[in-house]
Amino acid sequence: IEIIEPTVNYYHPSPNKQKDTTQTKVGQSIDVNSIVIKKGSFNYFSENGKENLAKVRNININFEGIRFNERTVEKKIPFKFNQFQVQVDTLFFKLNDQQYKVSSHMKWNDSELYLKDYRLKPIKTNGKKYIPNTTTSDIFDIESPELFLTNTDWGFNNLDKFYFKTDLIK
């Protein structure tokens, strides 16, 4: 399966919105050799659509050895895969009200993650002052021309919380 130049706009769901409880039934496994996405775009907006929370441009993805079945359908990633490779240009994510991250290029595969012009920055008001940290979390101000992570492992745990592990940062 090959998808060329898709644009995906995702709107953050309202916390008050009731979840769809319709049960999805999958009779058999669906196996696909590969899914390839070329030159895609992704936008993640606040629930009212006024704030852009994430923007990713020139997304190129290759998943190989895909299996979709009744055990995977309810997962955050609704299929299993053997290998993957992701490349993007222009990556922006607003992590929370105090911080955002940006990279001009990213490559990611089964075991490595490379980020070019990586920045993890506090959010400023009027481009001058940092927003005060009213949380119990630390806020970082990091810039790196290149960030290379090896031996990566990621996914969702039993509580559907995302995890990311790496052995070495270069």
Side-chain angles (χ1 to χ4, degrees), residues 3 5-20 35 37-63 72 74-79 81 84-170:
I3 304 167
E5 295 186 20
T7 297
V8 175
N9 294 314
Y10 178 79
Y11 293 85
H12 188 79
S14 169
N16 300 330
K17 185 177 179 183
Q18 193 173 25
K19 286 190 172 189
D20 183 4
I35 294 177
I37 298 172
K38 294 181 178 179
K39 299 179 183 178
S41 293
F42 174 77
N43 297 296
Y44 178 34
F45 295 102
S46 60
E47 58 191 71
N48 63 10
K50 293 183 179 179
E51 186 176 14
N52 195 334
L53 304 174
K55 179 172 39 176
V56 185
R57 297 291 177 262
N58 197 23
I59 302 168
N60 297 287
I61 299 173
N62 186 3
F63 285 108
T72 64
E74 299 297 329
K75 302 285 185 188
K76 294 256 186 186
I77 301 173
F79 56 88
F81 53 89
F84 76 97
Q85 185 170 0
V86 177
Q87 288 193 48
V88 302
D89 293 332
T90 315
L91 172 71
F92 163 82
F93 281 96
K94 182 178 178 187
L95 300 173
N96 52 43
D97 289 338
Q98 283 81 31
Q99 206 160 28
Y100 69 94
K101 67 179 171 180
V102 179
S103 181
S104 67
H105 186 75
M106 179 189 80
K107 287 183 187 178
W108 190 12
N109 61 32
D110 301 325
S111 61
E112 300 174 334
L113 173 62
Y114 169 78
L115 297 160
K116 183 177 179 182
D117 300 324
Y118 177 75
R119 290 166 283 166
L120 178 61
K121 305 292 281 181
I123 293 175
K124 295 182 178 183
T125 58
N126 298 331
K128 297 178 182 177
K129 290 184 175 181
Y130 291 117
I131 294 175
N133 185 1
T134 57
T135 70
T136 57
S137 300
D138 293 332
I139 294 179
F140 297 96
D141 188 347
I142 299 171
E143 292 187 35
S144 176
E146 291 184 324
L147 183 61
F148 190 65
L149 309 174
T150 59
N151 299 324
T152 59
D153 181 29
W154 66 278
F156 293 91
N157 66 18
N158 292 337
L159 301 173
D160 275 341
K161 296 288 184 185
F162 180 76
Y163 70 87
F164 180 87
K165 298 176 186 176
T166 184
D167 288 346
L168 182 61
I169 299 175
K170 293 182 181 180

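Please read all numbers here as calculations on a predicted model, not as lab measurements.
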**Prompt:** Under 3.5 Å, is there a donor-acceptor pair between the Glu47 and Tyr11 side chains?
**Reply:**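 No - no donor-acceptor pair under 3.5 Å links their side chains.
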**Message:** Counting only heavy atoms not in Lys107 (residues, nucleotides, ligands), do more than 12 fall under 6.0 Å from its NZ?
**Reply:**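 No, not enclosed.
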Contact check, side chains of [X] and [Y], non-hydrogen atoms, under 4.5 Å:
X: Glu143; Y: Lys121; answer: yes
X: Thr90; Y: Val56; answer: no
X: Glu112; Y: Phe148; answer: yes
X: Asp153; Y: Phe164; answer: no
X: Lys38; Y: Ile3; answer: no
X: Leu120; Y: Val102; answer: no
X: Tyr100; Y: Phe92; answer: yes

Inter-residue atom distance [X].[atom1] - [Y].[atom2], 0.5 Å rounding:
X: Phe140; Y: Gln98; atom1: CZ; atom2: CD; value: 13.5 Å
X: Phe45; Y: Asn52; atom1: CZ; atom2: CG; value: 4.5 Å
X: Ile61; Y: Gln85; atom1: CD1; atom2: CD; value: 11.0 Å
X: Ser111; Y: Leu149; atom1: OG; atom2: CG; value: 11.0 Å
X: Gln87; Y: Asn62; atom1: CD; atom2: CG; value: 10.5 Å
X: Met106; Y: Ile59; atom1: CE; atom2: CD1; value: 8.5 Å

**Asked** Shortest non-hydrogen contact from Asp97 to Lys94?
**Response**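 Closest heavy-atom pair between Asp97 and Lys94: OD1-NZ, 3.8 Å.
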**Request:** List the atom of Asn48, the atom of Ser46, and the distance in Å for their closest heavy-atom pair.
**Result:**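 Nearest heavy atoms, Asn48 then Ser46: OD1-OG, 2.8 Å.
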Given 3.5 Å as the limit, does a donor-acceptor pair link the side chain of [X] with the main chain of [Y], or not?
X: Asn9; Y: Thr7; value: no
X: Ser103; Y: Leu115; value: no
X: His105; Y: Val88; value: yes

**Asked** Where does the angle between the aromatic ring planes of Phe84 and Trp108 fall among parallel (under 30°), tilted (30 to 60°) and perpendicular (over 60°)?
**Response**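 If you compare the ring of Phe84 with that of Trp108, the planes turn out perpendicular.
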**Prompt:** Does any pair with a residue in residues 52-62 pass salt bridge (charged side-chain N to carboxylate O under 4.0 Å, His left out), and if so which ones, sequence neighbours excluded?
**Reply:**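 Sorted pair list comes back empty.
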**Contacts of type side-chain hydrogen bond (donor to acceptor under 3.5 Å, both in side chains), residue Asp117, not counting sequence neighbours** =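 In terms of side-chain hydrogen bond (donor to acceptor under 3.5 Å, both in side chains), with neighbours along the sequence ignored, Asp117 is linked to Ser104.
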**Request:** Could you pull out all residues at least two apart from Tyr118 that satisfy side-chain hydrogen bond (donor to acceptor under 3.5 Å, both in side chains)?
**Result:**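 Result, side-chain hydrogen bond (donor to acceptor under 3.5 Å, both in side chains) vs Tyr118: none returned.
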